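One structure below.
Sequential numbering from 1 along the given sequence is applied to the chain's residues. Keep in mind that what you see is a predicted model, and the values were worked out from it rather than measured.
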Amino acid sequence: MRTLARLWPYVRPVRARLLTAAFVAVVASCTGLVIPLVLKWMVDGPVADRDPAGVWLGALCLFLLGIAEAVLFGIRRWLVARPLSHVEAEMRAGLYRRLQRLPVAFHDRWASGQLLSRATTDLMLLRMFLAFPLTFLLVNGVTIVAGVVIMLVQDWTLGLVILVPAVPVLWTCVVFERRYAEVARRAQDQVGDLTTVVEESVLGIRIIKGFGRHRTQARAFRELSGRLRGTELRKARLLATIWGVIVTLPEAAIGAALVLGAVRVADGELSAGTLVAFLSTALALRWPVDSIGFLLAMSQEAATATERYFEVMDEEPESADEGAPAPRTAPGGDTGLRFENVQFRYPDAAPGSPPVLTRVDLHIRPGESMALVGATGSGKTTLTALVPRLHEVTSGRITLDGVDIRKMTREELRTKVAVAFEEPTLFSASVGENVLMGAPDDAGKPELDRALAIAQADFAHTLPQGTDTRVGEQGLSLSGGQRQRLALARAVVGRPGFLVLDDPLSALDVHTEAAVEGALRRVLAGTTALIVAHRPSTVLLADRVALLSEGRITAVGTHQELLRHNSEYAHLMSGEQEDSR
Ligand SMILES: Nc1ncnc2c1ncn2[C@@H]1O[C@H](COP(=O)(O)OP(=O)(O)OP(=O)(O)O)[C@@H](O)[C@H]1O
Ligand SMILES: [Mg+2]
């Protein structure tokens, strides 16, 4: 109950309709309870008196009551369908919005399948809960109470007989709820795991096939889905148990009441009409009582789904921006991109492990391009991710033109800084849309063409539909180098003041790389750039080079200087030099 109460803010806007629908359903259900009373009148009156006209009148009444009940239930359906799909859509949009705002560290930690299953299966469970159990637990509750009152009024001894199973049934419900809660949670988590496996194996299908692992993968999947099947079967067993108890005990009570009632009618203590009315009331209550089992099960699943939904919604989003408008330049005239005593450790790193960056001090002058070199795993990618604030520095600070990046809004920061990462990610959209993602909204064809030219990505014009060709997941597949060049075009299209490139040319052949460099040199003239590089050819693009080692910048200078004076740098570059000759 407490968990489900958290749904209230989403349900609030549609509460009037839901309440009306519940009221209509109660009326419909109680209309059904009038039918036994008409039967009683018919049996004791027209039937006993052999009056055909009275029987027809009674039949007409029953017919009208049946129609009324059906129409009312129809109205209820119509009332709830639209608002509930609205609630589901709102919750899904809220979840998506939250996922966009959660920090990168959150996404590092969570399996994507767990997020996917929350956005799909769990929200569907919630809509079903709001449509059925929420209303019908109330409706059935009212119907059962009303029915029991009617039965007690008809004949209180028979009524008490019917009530005997109430205690064991209630006890079963309580035990059931507790056990079902645990299994439902496990099942929903397992669905998330399964989704993750499917997603990963679809994305990694080349690796799986390339290494001939499809059988092992299929076996692993089968094992996981077998485990889910086991959990689902356990759910089914629990449901079967509660259903068995809920159906058997009341039916037995009805049987006992029938025998007792028949005896008393024979003795003349009870009218036949009363017994008919009593039994048909009891039978009318069968569905409301029987359905309690699966209504409770659905509610429990909805509670679990709510819990899983709010696990994501309760995550801390990126810290709010410190609103103060940033001064254009620092008072001291400190310009360019500066790292001051920057320390960083991943929030999810093992406790006690040393930080990735221990003390980084680096100044990149305005308009300068700085190459960042370091052994693999030395923290270059980490350092570049700090500039657009994908991760927050643990201590120290980074300034752009003298302004601490934490003092700017993220939006402002990210229009100033453009990035291209090692993995060139393209979205399922046209080439043009992918590249223009990096530009202000009013950018158009001229900017696109210019960026494609700089990144040597003119191949885009020769695609089947030119720059309107769809690429990415649902479009044309591109080569690694082609994707890299589009990602580079995306980084430069907005003419950013600061450019952060993580090994942007690694997949290009030497000639294309040289051409990109030539074009970049012209662009970079006015841009402050930090470029992670592995190859001397990329390093040569930069004005100076910084060497990252053991979490610090250990040397800064031109390529030639470092090559001569720094043995670590010479070692890093030596193997490569022979390649590029
Ligand atoms: N999300 C993360 N959580 C915890 N540790 C991480 C995370 N990402 C990277 N690391 C660790 O940080 C260290 C630096 O990684 P980083 O990717 O910055 O290296 P790199 O210099 O870019 O290497 P490469 O040249 O291979 O690209 C590595 O030891 C890595 O294990
Ligand atoms: Mg890297």
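- When side chains are defined from C-beta on, His559 counts as touching Tyr569, because their heavy atoms get closer than 4.5 Å.
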Item to complete: Please test Glu199 against Ser112 for side-chain hydrogen bond (donor to acceptor under 3.5 Å, both in side chains), starting from the C-alpha separation and ending with a verdict.
Response: CA-CA 8 Å; Glu199 201 213 349; Ser112 52; 2.2 Å; yes

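- Side-chain contact check for Asp449 versus His461: some heavy-atom pair is nearer than 4.5 Å.
- In this structure, a donor-acceptor pair under 3.5 Å is present between the side chains of Gln190 and Thr231.
- Between the OG1 atom of Thr528 and the CG atom of Leu400 there is a distance of 8.5 Å, given to the nearest 0.5 Å.
- More than 12 heavy atoms of other residues, nucleotides or ligands sit less than 6.0 Å from atom CZ of Arg186.
- Between Pro440 and Thr415, the closest side-chain pair of non-hydrogen atoms is not below 4.5 Å.
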- Let me see the working for Leu452 and Phe459 under side chain to side chain contact (heavy atoms under 4.5 Å, CB included), right down to the final yes or no. CA-CA 9 Å; Leu452 289 175; Phe459 72 88; over 6 Å; no

Exercise for review: Check the pair Gln300 / Val183 against side chain to side chain contact (heavy atoms under 4.5 Å, CB included), numbers first and verdict last.
Suggested key: CA-CA 10 Å; Gln300 192 55 60; Val183 189; over 6 Å; no

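- A pairwise comparison of heavy atoms in Phe339 and Val387 identifies CZ-CG2, 3.7 Å as the closest pair.
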(request) Using the side chain to side chain contact (heavy atoms under 4.5 Å, CB included) rule, take Glu307 and Arg6 through it: C-alpha gap first, then chi angles, then the decisive distance, then the call. (result) CA-CA 9 Å; Glu307 211 173 271; Arg6 296 199 61 186; over 6 Å; no

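- Residues Glu301 and Lys235 are paired through a salt bridge, judged by an N-O separation under 4.0 Å between the basic side chain and the carboxylate.
- Remark: Arg414 CZ is packed, more than 12 non-hydrogen atoms of other residues, nucleotides or ligands lying under 6.0 Å away.
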- Item | Worked check of side-chain hydrogen bond (donor to acceptor under 3.5 Å, both in side chains) between Ser549 and Glu568 | CA-CA 9 Å; Ser549 172; Glu568 186 183 351; 3.2 Å; yes

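- In terms of modelled atom types and a separation under 3.5 Å, the side chain of Arg485 and the main chain of Ala457 share no donor-acceptor contact.
- Closest non-hydrogen pair, Leu102 versus Glu316, comes out as CD2-O, 3.4 Å.
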Taking it one step at a time, do Gln114 and Arg308 satisfy side chain to side chain contact (heavy atoms under 4.5 Å, CB included)? CA-CA 9 Å; Gln114 288 290 357; Arg308 281 165 48 90; 3.4 Å; yes

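- Between Arg389 and Val417 there is no side-chain heavy-atom pair separated by less than 4.5 Å.
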Verdict with supporting geometry, Glu315 and Arg118, salt bridge (charged side-chain N to carboxylate O under 4.0 Å, His left out)
CA-CA 14 Å; Glu315 283 282 337; Arg118 279 164 171 79; over 6 Å; no

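- Within a 6.0 Å radius of OH in Tyr346, other residues, nucleotides and ligands contribute more than 12 heavy atoms.
- Nearest heavy-atom pair, Ala184 versus Thr304, reported as atom, atom and distance to 0.1 Å: CB-OG1, 3.8 Å.
- With rounding to the nearest 0.5 Å, the separation of CG in Leu95 from CE in Met313 is 6.0 Å.
- Remark: Thr121 pairs with Ser117, Val191 by the side-chain contact (heavy atoms from CB on, under 4.5 Å) rule, at least two apart or across chains.
- Among Arg535, Gln484, His534, the one residue that satisfies the side-chain hydrogen bond (donor to acceptor under 3.5 Å, both in side chains) test with Ser506 is Gln484.
- Atoms CG and CE, on Leu126 and Met91 in that order, are 5.0 Å from each other to the nearest 0.5 Å.
- Using a distance-only test at 3.5 Å, with no hydrogens or angles considered, no donor-acceptor pair links the side chain of Arg544 to the main chain of Met370.
- In this structure, Asn341 and Arg359 have side chains that are in contact, with non-hydrogen atoms separated by less than 4.5 Å.
- Counting only heavy atoms from C-beta outward, the side chains of Phe344 and Val360 never approach each other to under 4.5 Å.
- Under a 3.5 Å cut-off, the side chain of Arg15 and the backbone N or O of Arg12 do form a donor-acceptor pair.
- The CG atom of Leu386 sits 5.0 Å away from atom CD1 of Ile398, with the distance rounded to the nearest 0.5 Å.
- Counted by atom type alone, Thr358 and Glu550 present zero donor-acceptor pairs between their side chains at under 3.5 Å.
- Residues Glu223 and Arg227 have side chains in contact (heavy-atom distance under 4.5 Å, counting atoms from C-beta outward).
- Arg470 places a side-chain N or O within donor-acceptor distance of the main-chain N or O of Ser428, the cut-off being under 3.5 Å.
- With a 6.0 Å radius and a threshold of 12 heavy atoms from other residues, nucleotides or ligands, Arg109 has its CZ atom above the threshold.
- In terms of heavy-atom proximity, Leu562 sits nearest to Ala555 at CD2-CB, 3.8 Å.
- Here the closest heavy-atom approach between residue Ile553 and residue Ala546 is recorded as CG2-CB, 4.1 Å.
- With rounding to the nearest 0.5 angstrom, the OH atom of Tyr309 is 6.0 Å from the CG atom of Leu123.
- Glu423 CD: 12 or fewer foreign heavy atoms inside a 6.0 Å radius.
- Under the salt bridge (charged side-chain N to carboxylate O under 4.0 Å, His left out) rule, Glu392 has a single partner from Arg397, Arg406, Arg410, which is Arg410.
- Between Asp543 and Thr558, the shortest heavy-atom distance links the atoms O-CG2, 4.1 Å.
- Atom CD in Glu411 sits 13.0 Å away from atom NZ in Lys416 (nearest 0.5 Å).
- Lys380 places no side-chain N or O within 3.5 Å of a backbone atom of Ile531 that could act as its donor or acceptor partner.
- Between Phe310 and Tyr10, the ring-plane angle classifies as tilted under the 30° and 60° cut-offs.
- For Thr381 and Glu422, the side-chain atoms include at least one donor-acceptor pair closer than 3.5 Å.
- Side-chain contact check for Val419 versus Thr384: every heavy-atom pair is 4.5 Å or farther apart.
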